[in-house]
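Letters A, B, ... are given to chains in the order of the sequence lines, protein chains preceding strands, and every chain is numbered from 1.
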Number of protein chains: 2
Amino acid sequence: MPALDCTLETQPKLFNCITMSRKTFQRLSLDVRRRSLIEATLTCIARDGLHGASVRRITEEAGVTVGLVRHYFGSKDDMIRNAYAYLVGQLTAQASESARATEGTPEAKLASFLRANLTKPNMDEKTVSLWATFIGRVRHDPDFAEIHRDGYREFLNVLETLIEPVLIDHGCPHSVAICRNHAIALNGLIDGLWMEGALNSGLYAQDILPDLITGAAERLLELPAGALSAPDIALQSARHQTQPKQQSKPS
Amino acid sequence: MPALDCTLETQPKLFNCITMSRKTFQRLSLDVRRRSLIEATLTCIARDGLHGASVRRITEEAGVTVGLVRHYFGSKDDMIRNAYAYLVGQLTAQASESARATEGTPEAKLASFLRANLTKPNMDEKTVSLWATFIGRVRHDPDFAEIHRDGYREFLNVLETLIEPVLIDHGCPHSVAICRNHAIALNGLIDGLWMEGALNSGLYAQDILPDLITGAAERLLELPAGALSAPDIALQSARHQTQPKQQSKPS
DNA sequence: CTCTTTGATATACACTTGTTTAACTGAGGA
DNA sequence: TCCTCAGTTAAACAAGTGTATATCAAAGAG
């Protein structure tokens with residue numbers, strides 16, 4: 001019986017004014033507040049799932065009261081949409097950055113990009129969990145679909161940009177169509193391994209994945225063995241065109 | 001204002017007894033009812049998302065009243081868990097079946113399996129949407145995690161079984177470890193393409209995927225070109241061991 | 001310093017949720 | 001035929017949901 005609560009609720013304001021003080025607060029800029037609410041949203045969805053991430057829990061996580069949701073976003077759904085866009089942006093930015101930050105040959109850049117996607121912090125159970133939760137809404141919400149499409153396109157573009165110079169380096173065909181198909185396949189490989197790897201069902205050790213994907217990418221792109229897994233060594237022979245189409249077998 | 005509802009609710013039973021008749025119903029067997037509730041659950045989650053699939057909507061979809069949830073399952077969560085297990089079971093069964101049903105060479109079987117995963121009915125937006133929604137809960141619920149792990153293991157096993165004879169046929173190394181790694185990579189490729197393909201962001205036509213994955217799988221397994229995409233032609237040359245390590249380039 | 005603005009709070013509201021309980025009824029056995 | 005039992009309904013329940021509104025106070029402008 002909620003009798004206790006009811007007696008309080010009969011005179012809530014009076015009680016509050018006399019015995020309690022209103023919560024102190026800071027007036028923050030629009031960007032800061034929006035971001036803190038968005039990050040609290042992601043935290044709650046990752047922790048409690050979509051159904052457990054109520055407005056009250058999210059605002060409590062952000063250290064504010066429920067009214068601010070309406071103030072900074074039109075509604076809870078709008079806030080969640082913004083959180084999804086924020087997550088996708090972070091994901092693609094991190095991946096792109098890991099490739100851009102790597103100095104060296106195109107092979108090294110591509111290898112770095114692939115490995116980055118299958119190691120922390122990119123390959124993270126919480127992130128994958130969040131991502132899957134949102135993917136489940138893409139079908140029902142056009143805004144979600146657009147966010148997904150933009151993120152996917154960006155990812156494909158980055159991959160194409162990384163793949164093409166590698167193909168050129170090894171004297172492989174590198175038409176736009178070929179690069180695109182390679183990007184689609186490689187993206188599928190990344191996505192699948194990223195997801196199953198992060199969920200970590202315990203069927204294999206997660207740390208085999210970086211080597212596994214560089215090896216798989218070599219074969220997918222028909223590069224000589226070691227072109228990505230040991231770029232320094234393999235590149236020299238490739239550059240000299242001694243055995244540009246050499247193929248090896250796993251031992 | 002819910003005034004109308006309130007006036008009715010002051011004497012609901014009396015009103016019901018005098019003017020309305022109780023809903024007619026059938027007494028069905030345990031299996032039939034459970035299955036119908038499970039399928040209604042999947043339908044509702046696919047249609048309304050996880051947050052929109054309430055007990056009332058699900059039971060209405062199944063044509064029964066809310067009380068039956070407690071009768072056939074302990075709770076709504078328990079019903080959803082059963083629905084997830086049902087979905088995973090269907091998915092793996094369909095995939096295995098498509099491989100088993102194909103008569104012919106190991107290459108044809110593998111190719112059929114790969115293509116089946118990237119065409120209807122396996123590659124379906126509704127199914128992928130459901131799958132992603134559930135994956136988002138794997139992290140929070142040990143039962144979900146177990147269901148996921150079992151499904152994943154089953155899928156890997158099927159893949160290994162399909163891959164090994166193909167490798168043998170082409171004189172490739174086929175140790176257990178090699179088959180396993182190939183299965184992991186190929187599973188990642190399937191998962192990623194299946195998901196992004198079904199979500200169909202419109203960046204490419206979905207019908208390029210079956211050919212794309214057979215080509216990619218040939219290169220991943222280092223088979224001669226056409227071994228999977230045109231198994232009848234390629235197999236003969238492979239069987240005669242004329243060019244077991246031949247490598248081709250995309251035109 | 002005072003005034004004004006508006007970010008922020010606290011509360012109210014209407015509604016939905018998952019679960020529980022009591023009443024009813026269809027179908028098979030004696 | 002009647003009786004019993006379990007499958008099923010219908011109603012009630014407490015808790016929680018997202019949103020709206022009235023109030024308050026922090027910080028900058030004059």
Side-chain angles (χ1 to χ4, degrees), chain A residues 1-6 8-34 36-37 41 44 48-60 62-81, chain B residues 1-6 8-34 36-37 41 44 48-60 62-81:
Chain A
M1 291 283 283
L4 264 138
D5 293 341
C6 286
L8 289 184
E9 281 172 6
T10 54
Q11 36 181 268
K13 281 182 189 173
L14 188 59
F15 176 80
N16 198 12
C17 290
I18 295 176
T19 66
M20 297 176 66
S21 62
R22 184 175 264 240
K23 173 184 175 186
T24 61
F25 60 91
Q26 277 192 327
R27 300 166 81 97
L28 296 182
S29 76
L30 187 136
D31 283 348
V32 173
R33 269 282 186 257
R34 280 177 67 96
S36 83
L37 275 169
T41 303
C44 284
D48 311 318
L50 192 56
H51 70 294
S54 68
V55 171
R56 282 167 180 79
R57 266 210 265 248
I58 292 171
T59 51
E60 185 186 17
V64 298
T65 52
V66 290
L68 280 199
V69 169
R70 178 173 155 78
H71 194 258
Y72 284 105
F73 305 91
S75 64
K76 181 198 181 186
D77 275 351
D78 186 44
M79 186 169 69
I80 289 186
R81 268 189 286 271
Chain B
M1 291 283 284
L4 265 137
D5 292 340
C6 286
L8 289 185
E9 280 171 8
T10 54
Q11 36 180 267
K13 282 183 187 173
L14 189 60
F15 176 82
N16 198 9
C17 291
I18 296 177
T19 66
M20 297 176 63
S21 61
R22 184 174 264 242
K23 174 185 174 188
T24 61
F25 60 90
Q26 277 191 329
R27 301 166 84 94
L28 296 184
S29 75
L30 187 137
D31 283 348
V32 173
R33 269 280 188 255
R34 280 178 67 96
S36 84
L37 275 169
T41 302
C44 284
D48 311 318
L50 193 56
H51 69 296
S54 67
V55 171
R56 282 168 180 78
R57 266 210 264 248
I58 292 171
T59 50
E60 184 186 18
V64 298
T65 52
V66 289
L68 280 200
V69 169
R70 177 174 157 78
H71 195 258
Y72 283 105
F73 305 91
S75 64
K76 181 198 180 186
D77 275 351
D78 186 44
M79 185 168 69
I80 289 185
R81 267 189 287 271

* **Minimum heavy-atom distance between B/L68 and B/L37, given as atom pair plus value** => O-CD1, 4.3 Å

* Asked: Within the structure, does a side-chain N or O atom of A/R57 lie under 4.0 Å from either OP1 or OP2 of D/dG16?
  -> no

* A/V69 versus A/V55: any side-chain heavy-atom pair under 4.5 Å? -> yes

* Asked: What is the distance, rounded to the nearest whole Å, between atom CZ of B/R33 and atom C1' of D/dT8?
  -> 8 Å

* Asked: Once you round it to whole Å, what is the distance between P of C/dC13 and CZ of A/R56?
  -> 14 Å

* In chain order, what residues pass the side chain to side chain contact (heavy atoms under 4.5 Å, CB included) check against B/D48, with sequence neighbours excluded? -> B/C44, B/R57

* **Which residues share a side chain to side chain contact (heavy atoms under 4.5 Å, CB included) with A/D78, sequence neighbours left out** => A/F73, A/S75, A/R81, A/N82

* Side-chain N or O of B/S54 less than 4.0 angstrom from OP1 or OP2 on C/dT16? -> no

* To do: Round to a whole Å and report the spacing from CD of B/E60 to C1' of C/dT17.
  => 15 Å

* State, yes or no, whether a side-chain contact exists between B/V64 and B/T59 at a heavy-atom distance under 4.5 Å. => yes

* **Length of the CZ-P vector between B/R34 and D/dG7, whole Å** => 13 Å

* Asked: Do any of residues 63-78 of chain B sit with a heavy atom less than 4.0 Å from DNA chain D, and if so which?
  -> B/V64, B/T65, B/V66, B/G67, B/L68, B/H71, B/Y72

* **Value rounded to 0.5 Å, distance of CD1 in A/I58 from NZ in A/K76** => 5.5 Å

